[in-house]
Amino acid sequence: MPELPEVETTRRGIRPALVGHPVTGVVVRNARLRLPVPNDLETHMSGHALRDVRRRAKYLLLDFDSGSLIVHLGMSGSLRVVSRSAPVGSHDHVDVLFGCQVLRLRDPRRFGLLTWQDGDPLDHPLLAHLGPEPLEPGFGGAWLHQVTRGLRIPIKQALMDSKRVVGVGNIYASESLFRARVHPLTPAGRIGLVRYRRLADAIKETLTDAIRAGGSTLRDYVGGDGRAGYFQQHYFVYGRDGESCRVCAALIDRRVVAQRATFWCPRCQRR
DNA sequence: CCACGCTCCTGCGCGC
DNA sequence: TGCGCGCAGGAGCGTG
């Protein structure tokens with residue numbers, strides 16, 4: 001499940017291989033993703049050189065002088081640079097050809113999307129109203145405190161709403177709350193500034209650590225076989241219900257909160 | 001604005 | 001060993 005660190009690692013993996021190279025073709029084998037893949041991609045991109053690969057939330061933005069290709073990996077998507085002769089798998093839905101190199105989107109569950117935006121991709125309706133990036137100035141404890149006044153939903157659910165902060169998915173929500181020692185079911189509006197500062201710091205640390213861990217797998221994004229790439233991570237609580245807390249040895253709890261599996265240590269994390 | 005539940009899709013793990 | 005069921009998950013969107 002690509003969360004922000006995986007998307008950032010993908011960006012860093014594909015960027016150096018492709019920037020400056022012109023698109024020579026587009027192959028769409030299956031256009032049925034979360035949004036239909038436009039059928040005029042080739043018209044927009046062919047002959048235009050890739051200028052940059054940026055990230056906003058979990059969206060990858062491939063900038064050309066004619067506009068931007070916007071890609072979201074959903075929960076099973078991957079984007080890799082492979083050679084033209086690489087075998088095509090059954091879930092390899094889109095290829096963007098850059099001469100002998102191919103940028104290949106694989107997405108078994110098809111929750112991802114790939115679309116085109118003329119002009120500034122940040123103006124796209126899916127991107128225009130997103131909250132702040134967790135690793136950039138503007139996001140911090142004061143912001144979280146401000147945007148949670150009056151909220152009664154659990155803090156874990158509030159963190160996963162992209163209008164408050166982007167890029168905190170199901171895994172890192174639980175992990176960040178553990179690091180901040182905040183119980184995931186605490187009503188968001190009842191958490192004070194001091195604990196929100198701790199939580200914002202924990203989010204930054206959790207994501208930064210995961211991106212660092214992803215750095216060691218960067219080679220998997222260029223020339224890899226498309227199976228490797230999702231890096232192993234050492235989780236404190238995610239997926240560890242019934243196991244011992246790595247800090248205090250209490251047994252990790254699990255509960256479904258807002259349709260999402262949620263994990264916490266009942267001793268380390270207080271409401 | 002807020003809260004909640006539905007939806008897309010397929011691989012995988014589990015139970016029998 | 002093989003089969004079939006149900007869960008997992010990002011995030012937009014509709015409803016009350």
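Only heavy atoms go into these numbers, but all of them, side chains included; no hydrogens, no water, no symmetry mates. Below, chains carry the letters A, B, ... as their sequence lines are ordered, and counting in each starts from 1.
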Review point. Taking the nucleotide of DNA chain C with the closest heavy atom to each, which residue, A:Arg109 or A:Leu130, is nearer the 5' end?
Key: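 The answer here is A:Arg109.
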
Review point. Starting at the 5' end of DNA chain C, which residue's closest nucleotide do you reach first, A:Arg254 or A:Tyr59?
Key: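 With A:Arg254 and A:Tyr59 compared, the 5'-side residue is A:Arg254.
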
Between [options], which nucleotide has the shortest distance from any of its atoms to the side chain of [X]?
X: A:Asn170; options: B:dT10, C:dG10, B:dA3; value: C:dG10
X: A:Gln157; options: B:dC4, C:dG12, C:dG10; value: B:dC4
X: A:Gln259; options: C:dG12, B:dG5, C:dA11; value: B:dG5

Expressed in angstrom and rounded to an integer, what is the separation of [X] atom [atom1] from [N] atom [atom2]?
X: A:Met160; N: C:dA8; atom1: CE; atom2: P; result: 13 Å
X: A:Leu35; N: C:dC13; atom1: CG; atom2: C1'; result: 12 Å
X: A:Arg34; N: C:dG10; atom1: CZ; atom2: P; result: 12 Å
X: A:Arg152; N: B:dC1; atom1: CZ; atom2: P; result: 17 Å
X: A:Met75; N: B:dC12; atom1: CE; atom2: P; result: 11 Å
X: A:Ile155; N: B:dC2; atom1: CD1; atom2: C1'; result: 16 Å
X: A:Asn30; N: B:dC8; atom1: CG; atom2: P; result: 16 Å
X: A:Ile70; N: C:dA11; atom1: CD1; atom2: P; result: 14 Å

Review point. Start at the 5' end of DNA chain B and walk down; is the nucleotide closest to A:Pro108 or to A:Gly150 reached first?
Key: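 Result of the comparison: A:Gly150.
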
Review point. Is there a donor-acceptor pair closer than 3.5 Å between any side-chain N or O of A:Ser76 and the backbone N or O of A:Arg109?
Key: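 Checked: pair present.
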
Review point. Ignoring hydrogens and geometry, is there a side-chain-to-backbone donor-acceptor pair from A:Ser66 to A:His44 under 3.5 Å?
Key: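 Checking the backbone N and O of A:His44 against the side chain of A:Ser66, a donor-acceptor pair under 3.5 Å is found.
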
Point to revise | Donor-acceptor pair present, A:Arg260 side chain and C:dG10 base, under 3.5 Å | key: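 Indeed there is one.
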
Check your understanding: Can A:Phe111 be called stacked on C:dA11 when the rule is centres closer than 5.5 Å and an angle between planes below 30°?
Key ->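 Whether judged by distance or by angle, A:Phe111 falls short somewhere, so it does not stack on the base of C:dA11.
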
Check your understanding: Which of these, A:Glu133, A:Glu6, A:Glu136, sits in a salt bridge (Lys or Arg N to Asp or Glu O under 4.0 Å) with A:Arg55?
Key ->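 With A:Arg55 as partner, A:Glu133, A:Glu6, A:Glu136 yield a single salt bridge (Lys or Arg N to Asp or Glu O under 4.0 Å), made by A:Glu133.
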
Side-chain N or O of [X] less than 4.0 angstrom from OP1 or OP2 on [N]?
X: A:His91; N: B:dG11; value: yes
X: A:His72; N: C:dA11; value: yes
X: A:Arg32; N: B:dC8; value: no

[X] near the nucleic acid: base, sugar-phosphate alone, or nothing, with a heavy-atom cut-off under 4.0 Å?
X: A:Arg149; result: nothing
X: A:Arg164; result: nothing
X: A:Ala261; result: sugar-phosphate

Check your understanding: Using 4.0 Å as the upper bound for N to carboxylate O, is an ion pair formed by A:Arg84 and A:Asp95?
Key ->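 No, no charged N to carboxylate O under 4.0 Å.
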
Practice item. Please determine if A:Glu175 and A:Arg179 form a salt bridge, counting it only when a charged side-chain N lies under 4.0 Å from a carboxylate O. Key: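 So A:Glu175 does not pair with A:Arg179 through a salt bridge.
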
Review point. What distance do A:Lys163 atom NZ and A:His129 atom NE2 have between them, rounded to the nearest 0.5 Å?
Key: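 Answer for the NZ-NE2 pair, A:Lys163 versus A:His129, is 12.5 Å.
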
Review point. Which one is paired to C:dC7, where only Watson-Crick or G-U wobble pairs with both distances under 3.5 angstrom count?
Key: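 Across any shown strand, C:dC7 pairs with B:dG11.
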
